[in-house]
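Worksheet: the structure to be examined is printed underneath.
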Amino acid sequence: MPVSTAVSPWQEELRCAIRDAATLCDRLNIAPPTAGQGQRQFPVFVTESYLARMRPGDPDDPLLRQVFPDLREDASQPPRYGRDPTGDLAARRLPGVLQKYAGRALLITTGSCGIHCRYCFRRHYPYSESPRTLPQWEPALKQIAASPSISEVLLSGGDPWMLVDRRLEELITALESIPQLRRLRVHTRMPIVVPQRVTDGLLAPLRSSRLACYIVVHANHARELNGEVAGALAKIRAADLPLLNQAVLLRGVNDTYAAQRELCERLLDLRVLPYYLHQLDPVSGAAHFETPPELGPQLIAALRASLPGYGVPRLVREDPGATSKTLLA
Ligand SMILES: *Cc1c(COP(=O)(O)O)cnc(C)c1O
Ligand code: SF4
């Protein structure tokens, strides 16, 4: 965090974030359940903005569940659960660059996020090796430039919108100078968890880019999408940036028809297209979020019977080594 320049509201929001389970319970007025050891390696991190959307007194709140270090994280995990569930390590081309699919390269721009989601598939990723400054990105950018088949770059992480505007702008400018690139995609949960992050300075380089820029946000529950978030999303849209959402199917969070339906309806109200509903990646520590295999397809069938076609996400799973996400419904 820069000390020399004025701290912006979104940085202040991050600075004040809640970082332990006891404070979280205290603030929500719930008897503190025993928190797991999982929080040692992957600490609690929740902003005040996100906390304000939780229901006080409800230990089963779907937003709280996403961030609370459940004791079950420490329980022995089923055999297929591991530290690299999506084959990220095998897909590393250079430090900070993953390529799994034709035409698309993904940049791990930072390891930081505006929230710590307990089900995160990259909760064990070796972020420290990723480039930080533009000179450090140079080899990766050269390699992308030398790959004529790559037409789209995804900024991922961590959360790319944790970077300050100047870092993002220099990275975008460098990508724009690679002639064969046509699209830039930003995968971010910041508009949902730190809506203050969506500023004119953040959006300006995307709005004016020669690249077609798409923003993919990550909301799992309709209650995440309050008025403050709606305002942030409206700003993104007003900058001519199309908005998509990806969600993860999570037991105890959004594993009912009512929850999925309301999420899709709310996203459509806010002009965000539901893109993917991901099956949980089997990352160790997250087995308590797993849903029965038949549930996802059943939910999608029920959504398809009640929503417009464009309002139904694709149910997908990420299989290591596959040439695309695996479409399940
Ligand atoms: C998920 C993913 C993408 C994007 O896949 P789409 O189906 O185009 O959304 C690209 N690269 C990597 C490494 C991914 O994991
Ligand atoms: S915002 Fe995304 S990358 Fe960050 S902890 Fe949550 S799921 Fe993981």
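Atoms within a ligand are numbered from 1 in the order they appear, just like the ligands themselves. Just so we're clear, the structure is a prediction, and the values are computed from it rather than from any experiment.
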Salt bridge or not for E129 and R92, using N-O below 4.0 Å?
yes

Under a 3.5 Å threshold, yes or no: a donor from one side chain and an acceptor from the other, between D20 and T23?
yes

Just distances here: any N/O of R185 and N/O of ligand 1 closer than 3.5 Å?
yes

With a 4.0 Å cut-off on N to O distance, would you call R317 and D281 a salt bridge?
no

So, T188 versus D159: side-chain donor-acceptor pair below 3.5 Å or not?
yes

Give me the one residue out of Q260, Q246, Q66 that meets side-chain hydrogen bond (donor to acceptor under 3.5 Å, both in side chains) with N220.
Q66

Y119 and F289 aromatic ring geometry - parallel, tilted or perpendicular at 30°/60° bounds:
perpendicular

Can you list, by chain and residue number, the protein N, O or S atoms under 2.8 Å from atom 4 (Fe) of ligand 2?
C113 SG

What protein heavy atom lies closest to atom 10 (C) of ligand 1? Include the residue and the distance to one decimal.
Y101 CD1, 3.6 Å

Under a plain distance cut-off of 3.5 Å, with no hydrogens placed, do E170 and T173 share a side-chain donor-acceptor pair?
no

Might you work through the side-chain contact (heavy atoms from CB on, under 4.5 Å) test for D255 and L250, ending with a clear yes or no?
CA-CA 6 Å; D255 56 345; L250 298 165; over 6 Å; no

Considering only non-hydrogen protein atoms, determine which one is nearest to atom 2 (Fe) of ligand 2 and report residue, atom name and distance to 0.1 Å.
H218 ND1, 4.2 Å

Among side-chain atoms of H116 and R118, is any donor-acceptor pair under 3.5 angstrom?
no

Please state which protein non-hydrogen atom is closest to atom 7 (O) of ligand 1 and give its distance, to 0.1 Å?
Y276 OH, 2.6 Å

Closest non-hydrogen protein atom to atom 12 (C) of ligand 1, residue and atom name please, with distance?
L106 CD1, 3.6 Å

Applying a 4.0 Å heavy-atom criterion (strictly less than), which segment of L154 is in contact with ligand 1: side chain, backbone, both, or neither?
side chain

Atom 15 (O) of ligand 1 [closest protein heavy-atom partner, distance rounded to 0.1 Å]:
K325 NZ, 3.0 Å

Flag for E224-Y50: side-chain donor and acceptor within less than 3.5 Å
yes

Checking the N or O distance criterion of under 3.5 Å, is ligand 1 in contact with Y275?
yes

Among the heavy atoms of E318, does any lie under 4.0 Å from an atom of ligand 1?
yes

